[in-house]
Amino acid sequence: GKSGRAMFNTIKNNGIVTQSSSLSSKDFNPNAWLSYETSLRTGLPQLLEPVTEIYDDGTSVLITRVTYPIKRNNEIIGVVGLDLDLSYIQDMVSSNRVTKRSSPMLISNTGHFLQLDNKSLLFKNHADVNASMENIQGVMKAIRSGQEITLYTPSVILKEEALRTYAPVKLEGIGAP
């Protein structure tokens, strides 16, 4: 109906649909719908902060949600969303080394580590972990705003100056949180 909510869930793994279901608003926690409200309210697509999702089979994966408003005659009539499993991107980041001493990372827009060599730091905030790093606030500002920044800073691991480059992963037409 005009005011109803429905969710259709299909999980495709290696080209095979492994799970498919549908839920209506009466079956679903109302707080789960909050992630769609920004696109509904603003009329803009959104890329939301990654979260850990646990599937029915117990598999835990890192996902991000993309929401996009559905418009008819410039009126927003709904929102569609897609949860993206970030496993492929995590694997790509971890295997993409410029040198043997490189340490590639994936950092969310809010500065949380999503992929890095030191697994004990996953989901911790870059600014908290590197509070003593010179210009950490400038780095965090660049991360939040989707800007590239390159600087030399001391490396705790290498025990010498290290070149650090932070570059955004951009999805055309999608705004950051």
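Position 1 is the first residue of the sequence, and the numbers go up from there.
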Scanning both residues in full, the closest heavy-atom pair of G146 with P168 reads O-CG, 3.1 Å
Hey, could you give me the CG/CG distance between L106 and D91, rounded to the nearest 0.5 Å? 11.5 Å
Find the distance between CE (M140) and CE (M133) and round it off to the nearest 0.5 Å. 9.5 Å
With rounding to the nearest 0.5 Å, note down the distance linking CD in Q90 to OG in S95. 12.0 Å
Identify whether L62 and L116 are in the same connected component of the hydrophobic contact network (ILVMFWY, side-chain heavy atoms under 4.5 Å). yes
Polar side chain donor-acceptor pair, E49 to S108, under 3.5 angstrom: yes
Qualifying salt bridge (Lys or Arg N to Asp or Glu O under 4.0 Å) pairs, either residue in residues 69-81, two or more places apart: none
Using the test side chain to side chain donor-acceptor pair (under 3.5 Å), find all partners of T64 that sit at least two apart in sequence or belong to another chain. none
Among the clusters formed by ILVMFWY side chains lying less than 4.5 Å apart, do F123 and V129 turn up in the same one? yes
Has T42 got a side-chain atom pairing as donor or acceptor with L44's backbone, closer than 3.5 angstrom? yes
For R41, side chain to side chain donor-acceptor pair (under 3.5 Å) partners two or more places apart: none
Listed once per pair and sorted, the salt bridge (Lys or Arg N to Asp or Glu O under 4.0 Å) pairs that draw on residues 148-165, sequence neighbours left out: R101-E160
Keeping to residues at least two apart or across chains, list the salt bridge (Lys or Arg N to Asp or Glu O under 4.0 Å) pairs with something in residues 125-138. none
Residues joined to L163 in its hydrophobic cluster, side chain to side chain under 4.5 Å directly or through other members, sorted by chain and number, are Y152
Are the side chain of T52 and the backbone N or O of V61 linked by a donor-acceptor pair below 3.5 Å? no
Gap between atom CG of L40 and atom OG1 of T67 - 0.5 Å precision: 9.5 Å
Go through the structure and list residues passing side chain to side chain donor-acceptor pair (under 3.5 Å) with H112, not counting sequence neighbours. T110
Compare every heavy atom of P69 with every heavy atom of P45, then report the nearest pair and how far apart it is. N-CD, 3.7 Å
Y166: partners by ring-ring contact (aromatic ring centres under 6.0 Å, His included), with sequence neighbours left out: H126
Which residues pass the side chain to side chain donor-acceptor pair (under 3.5 Å) test with S120, not counting sequence neighbours? N118
Rounded to the nearest 0.5 Å, what's the gap from OG1 on T153 to CG on N135? Could you check? 9.5 Å
Under 4.5 Å between side-chain heavy atoms, hopping through other hydrophobics if needed: is there a path connecting I89 to L47? no
Pairs touching residues 114-123 that satisfy salt bridge (Lys or Arg N to Asp or Glu O under 4.0 Å), sequence neighbours left out: R97-D117
Mind running side-chain contact (heavy atoms from CB on, under 4.5 Å) on I70 and I76 for me, showing each step along the way? CA-CA 6 Å; I70 302 168; I76 299 171; over 6 Å; no
Cluster link L121 to I143, ILVMFWY, side chain under 4.5 Å: yes
With a 4.5 Å limit on heavy-atom distance, are the side chains of R65 and D83 in contact? yes
Apart from V98 itself, what residues make up its hydrophobic cluster, given side-chain heavy atom links below 4.5 Å? none
Under the side chain to side chain contact (heavy atoms under 4.5 Å, CB included) test, which residues partner S94, sequence neighbours left out? Q115
Are I136 and I149 connected in a single hydrophobic cluster, I mean Ile/Leu/Val/Met/Phe/Trp/Tyr linked by side-chain heavy atoms less than 4.5 Å apart? yes
